[in-house]
Amino acid sequence: MQVEEIINIDIKAGWKKGTKITFTEKGNEQPGIIPADLVFVIDEKPHRVFTRDGNDLVVSQKISLAEALTGYTAHLTTLDGRSLTIPVKNVIHPTYEEVVTGEGMPIPKDPPRRGNLRIKFSIRFPARLTSEQKAGIKKLFGA
């Protein structure tokens with residue numbers, strides 16, 4: 001005999017891919033045998049802006065060489081819809097990451113805590129420079 005039952009799953013913010021939710025003895029039944037467990041495994045849907053690294057969220061920003069050298073302000077919308085304005089005052093080199101503490105994924109076992117938001121940068125270098133621009137850069141940097 002087939003029996004239908006509706007099971008609600010309360011997905012917690014911050015659960016990671018691979019998290020298992022088990023409903024004991026809610027699986028297939030056979031006469032004289034204890035019913036099997038019903039197990040659901042969490043998967044993650046890709047996001048168009050953010051990637052997840054543990055409890056951290058990672059985003060990449062494309063910036064010009066001028067912005068990398070003189071400063072940049074990142075404008076981001078968080079997963080929960082808030083707008084963040086993040087000024088980056090350091091010189092941004094190709095492996096630089098700006099870390100915004102507490103703006104990552106919620107930590108399921110400690111809901112008030114969150115991972116970090118890590119901003120990576122892809123710097124657009126000019127394809128060519130004129131002789132005057134090269135001389136100006138050399139003069140500016142004392143090369």
*Is the closest side-chain heavy-atom distance between Arg118 and Lys120 below 4.5 Å?*
yes

*asked:* Students often mix this up, so state it plainly: with edges at 30° and 60°, are the rings of Tyr96 and His93 parallel, tilted or perpendicular?
replied: perpendicular

_Inter-residue atom distance Leu117.CG - Leu57.CG, 0.5 Å rounding_ = 6.5 Å

*Atom CD1 of Ile107 and atom CG of Asn55: how far apart are they, to the nearest 0.5 Å?*
4.5 Å

_Side-chain donor/acceptor of Thr19 to backbone N/O of Trp15, under 3.5 Å_ = no

*asked:* As an exercise, state the distance from CG of Leu69 to CZ of Phe141, rounded to the nearest 0.5 Å.
replied: 5.0 Å

_Between Arg114 and Glu103, does any NZ, NE, NH1 or NH2 come within less than 4.0 Å of an OD or OE carboxylate oxygen?_
no

_4.5 Å side-chain heavy-atom contact, Leu84 and Arg82_ = yes

*Is the closest side-chain heavy-atom distance between Ile42 and Ile21 below 4.5 Å?*
yes

*Measure the CD-CE distance between Glu44 and Met105 for me, rounded to the nearest 0.5 Å.*
7.0 Å

*Do Ile92 and Val99 share a hydrophobic cluster (ILVMFWY, side-chain heavy atoms under 4.5 Å, transitive)?*
no

*With a 4.5 Å heavy-atom cut-off, do Leu65 and Pro126 have their side chains touching?*
yes

_Any side-chain heavy-atom pair of Arg52 and Lys16 under 4.5 Å_ = yes

_Student check: side-chain heavy atoms of Phe23 and Ile9 closer than 4.5 Å_ = yes

*So which heavy atom on Thr85 is nearest to which on Pro87, and how close?*
O-CD, 3.5 Å

*Is the closest side-chain heavy-atom distance between Ile7 and Leu38 below 4.5 Å?*
yes

_Polar side chain donor-acceptor pair, Tyr72 to Gln61, under 3.5 angstrom_ = yes

*Would Phe121 and Lys62 satisfy side-chain contact (heavy atoms from CB on, under 4.5 Å), going step by step from the backbone distance to the final call?*
CA-CA 6 Å; Phe121 298 92; Lys62 290 182 180 177; over 6 Å; no

*Taking NZ, NE, NH1 and NH2 as the nitrogens, is one of them in Lys26 or Asp37 under 4.0 Å from a carboxylate oxygen of the other?*
no

_Pair Lys12 + Asp10: basic N to acidic O under 4.0 Å_ = yes

*OG of Ser64 to CD of Glu67: how many Å apart, nearest 0.5 Å?*
3.5 Å

*Do other residues, nucleotides or ligands put more than 12 heavy atoms under 6.0 Å from the CG atom of Asn28?*
no

*Interatomic distance, Glu97 atom CD to Asn116 atom CG [nearest 0.5 angstrom]*: 10.5 Å

